[in-house]
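Structure, as structure tokens:
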Amino acid sequence: SFLCVSLAMALQRITVWGRDSSSNTQKVLWILEELGVAYNLVAASARLGGDSPYLSGAKVFGLTDTPEFRAMNPHGTLPTISDPNTGAVLWESNTVVRYLAEQYG
């Protein structure tokens with residue numbers, strides 16, 4: 001209906017921190033797509049850094065141990081979301097999925 005479309009257009013994009021190759025991040029991205037909620041994915045990883053043995057030529061992702069990230073999520077876990085529509089910041093994929101389903105489903 002027109003009301004639903006108008007509300008969807010008025011929502012701000014949710015920010016998701018994680019790796020798109022992570023099954024836990026994929027779970028969050030999947031529900032966002034299913035619900036039609038706009039989001040921005042910020043590539044982040046707890047393990048990958050400039051000197052990481054996991055890199056072997058791969059792209060360096062943002063680290064979760066930065067002061068800015070830890071102020072938002074003291075555990076430093078991924079995926080993490082920030083919902084500017086409600087002010088919620090959540091981590092742990094199952095918690096995030098339940099929140100998104102309740103908030104936007």
Side-chain angles (χ1 to χ4, degrees):
S1 76
F2 177 75
L3 179 59
C4 291
V5 172
S6 296
L7 289 175
M9 290 174 30
L11 293 176
Q12 296 180 47
R13 289 177 168 268
I14 290 176
T15 301
V16 180
W17 286 266
R19 286 181 297 114
D20 60 1
S21 60
S22 159
S23 60
N24 288 327
T25 300
Q26 289 172 1
K27 190 183 335 183
V28 171
L29 299 179
W30 186 7
I31 193 164
L32 285 165
E33 291 287 338
E34 288 293 323
L35 294 171
V37 176
Y39 64 91
N40 293 318
L41 175 63
V42 177
S45 177
R47 293 188 181 167
L48 297 180
D51 59 350
S52 172
Y54 297 97
L55 274 180
S56 65
K59 179 172 110 176
V60 177
F61 294 135
L63 300 175
T64 60
D65 60 356
T66 62
E68 297 82 15
F69 190 85
R70 288 300 176 107
M72 178 179 59
N73 175 351
H75 299 282
T77 56
L78 296 169
T80 297
I81 69 161
S82 174
D83 184 348
N85 303 297
T86 64
V89 174
L90 298 156
W91 50 89
E92 300 294 337
S93 60
N94 290 325
T95 300
V96 172
V97 166
R98 284 191 301 270
Y99 164 80
L100 293 169
E102 185 174 320
Q103 191 68 34
Y104 298 100

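Among Leu32, Leu41, Asn40, Thr86, the one residue that satisfies the side-chain contact (heavy atoms from CB on, under 4.5 Å) test with Ile14 is Leu32.
A pairwise comparison of heavy atoms in Ser82 and Met72 identifies CB-SD, 4.5 Å as the closest pair. Of all heavy-atom pairs between Tyr99 and Ala88, the closest is OH-CB, 3.7 Å. Looking at every heavy atom in both residues, Leu35 comes nearest to Gly105 through CD2-CA, 3.5 Å.
Considering OH of Tyr104 and CG of Leu11, their distance stands at 5.5 Å, rounded to 0.5 Å. Here Ile81 contributes atom CD1 and Tyr39 contributes atom OH; the two are 12.5 Å apart, rounded to the nearest 0.5 Å. Here the straight-line distance linking atom CD of Glu33 with atom CD1 of Ile31 works out to 11.5 Å at 0.5 Å rounding.
Within the 4.5 Å cutoff, the side chain of Asn73 has no heavy atoms near those of the Trp17 side chain.
Following chains of ILVMFWY side-chain contacts shorter than 4.5 Å, one cannot reach Trp30 starting from Val16, and the two form parts of different hydrophobic clusters.
Here the side chain of Arg70 pairs a donor or acceptor atom with the backbone of Thr64 at under 3.5 angstrom.
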Donor-acceptor list for residues 89-98 side chains, cut-off 3.5 Å, not counting sequence neighbours:
from  : atom 1 : to    : atom 2 : distance (Å)
Ser93 : OG     : Asn24 : OD1    : 3.4
Ser93 : OG     : Lys27 : NZ     : 3.2
Asn94 : OD1    : Lys27 : NZ     : 3.0

